[in-house]
Q: 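Can you keep this structure in mind? I'll have questions shortly.
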Amino acid sequence: MKKNINLEVNIAGLSLKNPVIAASGTFGFGREYSKFFDLNLLGGISVKGLTLKPRKGNPPPRIAETPGGILNSVGLQNPGVHAFIENEIPFLRQYNTAIIANASGNTVEEYVEMTEILSDADIDAIELNLSCPNVKEGCMTFGSSSRGVLEVVNKVKKVARKPLIVKLTPNVTDIVEIAKAAEDAGADAVSLINTLLGMAIDVKTRRPILANITGGLSGPCVKPIALRMVYQVSQSVKIPVIGMGGISNGIDAVEFFLAGASAVMVGTAGFVNPMAWVETVEGIKEYMTENGIEDVKELTGGLIAD
Amino acid sequence: MRSFATVKKTRQLNHDTFLLCLKSEKIASCAEAGQFVNLKCCDGLDAYLRRPISIHSVNRECNTFDIVFQVRGKGTSLLSRIRPGDEIDVIGPLGRGFTLDHSHRHIVVAGGGIGIFPLFQLLKDHTAAKKTAVLGFRSKDFVVLEDEFKKHSTELLIATDDGSYGIKGFVTDVLEKIIQKEKPDMVYFCGPEVMMKTGVKLLQKYNIPCEVSLEQRMGCGIGACLVCVCKTRKDNDWDYSRICADGPVFKGEDIIFD
Ligand SMILES: Cc1cc2nc3c(=O)[nH]c(=O)nc-3n(C[C@H](O)[C@H](O)[C@H](O)COP(=O)(O)OP(=O)(O)OC[C@H]3O[C@@H](n4cnc5c(N)ncnc54)[C@H](O)[C@@H]3O)c2cc1C
Ligand SMILES: Cc1cc2nc3c(=O)[nH]c(=O)nc-3n(C[C@H](O)[C@H](O)[C@H](O)COP(=O)(O)O)c2cc1C
Ligand code: FES
């Protein structure tokens, strides 16, 4: 007899029909990939990183290919939170998938104001981006110290009326300490990892490939680091962990669940395989069927470490 | 938009330039001049990203299209080893192609290096009575597809940087001479950025409209990731536009060259 498979997860009040979310910045506002597959198949979409005012971003080139991954230095190009609410939410709401607003600010006040605005918008959760490595002010500056995280998340939490996910940077000495600070300040969940700061050089021209010189590394090459960080953080916080970094298929996702993640995000892999998001959902189902697992929640933290 | 195209034919055009004829009804049935495809050069993590390559020629009867590429690095080197019968994972046709105004009587296409390839289908599709092609190459060894371009243009002029073949000099110098003889209705550029920058300036001087096809490193290739941008004019300000989705073809006057 074929068993029913339950893929539903609930992350701090955010209910997802399946645990696969499109990672911020890799999926725009969903329009482009909706030509490749039905967005209803996704658990959720974390939209392109938003700021209070429109942002132009960094000069090109903004991408460099590296072994098994990419560096990007987009620098949060986006139309601003108001244009997002007006033009993009109505499009996304046609689909039965969670909308997660990824928000960045230059100052604590901006994070607070963004959260107030987004709390009134028709979205399902806020993902506070304390981890973009490609902008000079704000973001990773806050996210790389416990003090910074405490300060921003404390103030944001006071005004947040949506589930609050804090997105962490791996560019720190001890990510566990940062995750704990987010939890202490009231985060409902944490997501990790954002990209790892890196660089690439063209030896012919002796110039950096990225106009911004440095950029954020993502894709399969970061997966072992991401997995380790998800494992360590899951061991030390009680709030749910959303894992990402190099996930390309269902098996990769299952690894993150076993390490402690309650849901996963998929990004870079979709550039190469536009069906990566959907195939990840299918792959999780297949693994569950083959292993007689009925509820995906059973996988979370299921690592056997003797 | 994603399909597996079968390689029908491969042709080496010179020491580092290759033509692949690919069969894909999905792409051949709707591809327009100036659009591109984004293709996987191999399975696995080697040459991880897809490579953007222009559609050079479309054969709508046979459901095939041709791409022509120069070997630059890992991806194009892998592509050059592909054999007839192999399958390639292709996304396309992508981007906004050239605008064809069939009321135009005289058009000029001006291309340099790998920029000449997308201009070929444009020459094939355009109905103008007079179609001039000005193609620039580094030197004689790099000249390719001369007969093919001759067949689909009314006049073909070849320029080489070192004068080893055709006219010595830049495409834009040749273009200015053409304009001084007879003003064309429209000019289409594709090539190195300095060529297009000089070209657009030149045409503004003569008040002739033009389109340019730009190139940039890409991620998704479909407009979602915002890595492939170029500066475009917007009201009194400027903006970054996506070359993969808003382009690769833009009106010359809309681009801000740095
Ligand atoms: C819209 C468009 C159309 C193109 N059409 C053609 C064509 O018809 N014929 C042709 O020969 N070439 C064309 N190119 C350039 C072609 O994409 C690059 O030469 C190719 O990607 C190089 O890959 P590689 O692995 O050989 O080089 P590598 O240097 O190993 O590539 C490393 C990375 O940089 C990127 N990259 C390197 N050079 C370029 C470049 N000039 N433009 C964009 N990305 C680059 C690659 O895609 C890859 O992600 C086009 C580029 C664009 C954007
Ligand atoms: C082009 C690009 C843009 C990104 N933009 C954002 C962003 O705006 N906000 C954010 O929180 N993360 C952003 N990220 C990081 C991803 O959401 C994700 O954390 C990271 O890429 C690791 O996952 P992956 O390996 O599956 O891509 C971006 C990543 C890429 C590749
Ligand atoms: S390559 Fe992703 S937006 Fe152009």
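Here is the naming used below: chain letters follow the sequence lines, and residue numbers restart at 1 for every chain.
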Q: Give the member of T26(A), N78(A), N273(A) that has the highest number of heavy-atom pairs under 4.5 Å with chain B.
A: N273(A)

Q: Between E32(A) and R242(B), does any side-chain N to carboxylate O distance fall below 4.0 Å?
A: yes

Q: Chain B: which of P59(A), G219(A), S73(A) shares the most heavy-atom pairs with it under 4.5 Å?
A: P59(A)

Q: Counting C-beta onward and ignoring hydrogens, is there a side-chain heavy-atom pair between I222(B) and P274(A) closer than 4.5 Å?
A: no

Q: Heavy-atom distance under 4.5 Å to chain B: side chain of T268(A), backbone, both or neither?
A: both

Q: By a 4.5 Å heavy-atom criterion (distance strictly below it), what part of F27(A) contacts chain B: side chain, backbone, both, or neither?
A: backbone

Q: Can you say whether A23(A) sits under 4.5 Å from chain B via the side chain, the backbone, both, or neither, judging by heavy atoms?
A: neither

Q: In Å, rounded to the nearest 0.5 Å, how long is the span from SG of C220(B) to OH of Y33(A)?
A: 4.5 Å

Q: Think R62(A) forms a cation-pi with Y240(B), using NZ or CZ under 6.0 Å from the six-ring centre and within 45 degrees of its axis?
A: yes

Q: Say you draw a straight line from CD1 of I63(A) to SG of C228(B); how long is it, rounded to the nearest 0.5 Å?
A: 9.0 Å

Q: Just give me the residue among A64(A), C221(A), G69(A), G30(A) that pairs up with chain B most often, heavy atom to heavy atom, under 4.5 Å.
A: G69(A)

Q: If you define the side chain from C-beta out and look only at heavy atoms, does anything of P67(A) sit under 4.5 Å from Y48(B)?
A: no

Q: Counting C-beta onward and ignoring hydrogens, is there a side-chain heavy-atom pair between M218(B) and F271(A) closer than 4.5 Å?
A: no

Q: Among R217(B), R50(B), R51(B), find the residue that satisfies the salt bridge (charged side-chain N to carboxylate O under 4.0 Å, His left out) test when tested with E65(A).
A: R51(B)

